[in-house]
Amino acid sequence: GQNIDQPTEMTATEGAIVQINCTYQTSGFNGLFWYQQHAGEAPTFLSYNVLDGLEEKGRFSSFLSRSKGYSYLLLKELQMKDSASYLCAVRDRVDSNYQLIWGAGTKLIIKP
Amino acid sequence: IAGITQAPTSQILAAGRRMTLRCTQDMRHNAMYWYRQDLGLGLRLIHYSNTAGTTGKGEVPDGYSVSRANTDDFPLTLASAVPSQTSVYFCASSVGAGAAYNEQFFGPGTRLTVL
């Protein structure tokens, strides 16, 4: 079956670094996405990994290990505006289509 | 308009009523999606359309129907609303639905309450 796990909530301090983990079980893996969602708003794209390794984009980096079914999102130099939910989604093959399977999201609380 | 728009922003609906949520995109994306988002659960796919004229069922299609008469519009209809359909509904689109890198862009959402 399909399963995406990520922590429900995390707390971090402004200026620090935080790592949000995501583990997954899918049958036809074809890429992993991270999205950011501020309260009451739509999800917005952060990163995409399809090959193993680290993808860096400014303060945000995302890592993928396909053999371990594991990804993480690393946020550096945390700012108050980073308080949001972070959604992990895996593209999986369902019947003859590719669909995104979503985790429940990790609510990140940034404290001064 | 730019991106994806949804209407209404929010709605309170009596159980048993029919309701259509509207979604329009101006990016000429081929693929469109409807999700619902409930507290503690991930986004769940209701229906999708890989291209104009075609639709498919997602994870939770019961009680919902869609149509895709053209590239831009992808309305979602609740034929007879029930309280369990209380949720936030997001419409999304992507360039295509194939295996290549395929970011989805989301509309602002419709908050629906069924009483």
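In what follows, chains are A, B, ... by sequence order, proteins preceding strands, each numbered from 1. Both backbone and side-chain heavy atoms feed into the values below; hydrogens, waters and symmetry mates do not.
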Inset, instruction - Could you tell me whether A/Trp102 and B/Phe106 have their ring centroids closer than 6.0 angstrom? - result: yes

Is the number of heavy atoms from other residues, nucleotides or ligands within 6.0 Å of [atom1] ([X]) greater than 12?
| X | atom1 | answer |
| --- | --- | --- |
| A/Glu77 | CD | no |
| B/Arg17 | CZ | no |
| B/Arg111 | CZ | no |
| B/Leu115 | CG | yes |

Where does [X] contact chain A at under 4.5 Å (heavy atoms): side chain, backbone, both or neither?
| X | result |
| --- | --- |
| B/Leu45 | side chain |
| B/Tyr35 | side chain |
| B/Glu59 | neither |
| B/Asp38 | neither |

Inset, instruction - Could you check if a side-chain atom of B/Gln104 sits within less than 4.5 angstrom of a side-chain atom of A/Tyr35, using non-hydrogen atoms only? - result: yes

Over all heavy atoms of both residues, which pair between [X] and [Y] is shortest? Give the atoms and the distance, please.
| X | Y | result |
| --- | --- | --- |
| B/Pro108 | A/Ala42 | CA-CB, 4.2 Å |
| B/Glu103 | A/Phe45 | OE2-CB, 3.2 Å |
| B/Gly40 | A/Ala104 | O-CB, 3.5 Å |
| B/Lys57 | A/Gln99 | O-NE2, 4.2 Å |

Legend entry - Most chain B-contacting option - heavy-atom pairs closer than 4.5 Å, from A/Gly103, A/Ala89, A/Gly40: A/Gly103

Could you see if [X] belongs to whatever hydrophobic cluster contains [Y]? Use Ile, Leu, Val, Met, Phe, Trp, Tyr and a side-chain cutoff under 4.5 Å.
| X | Y | result |
| --- | --- | --- |
| A/Ile17 | A/Leu54 | yes |
| B/Leu43 | B/Val60 | no |
| B/Phe90 | B/Met19 | no |
| A/Phe33 | A/Leu87 | yes |
| B/Trp34 | B/Phe105 | no |

Legend entry - Heavy-atom contact with chain B under 4.5 Å, split by part of A/Glu41: backbone

Inset, instruction - Under 4.5 Å heavy-atom distance to chain B, tell me which part of A/Gln37 shows up: side chain, backbone, both or neither. - result: side chain

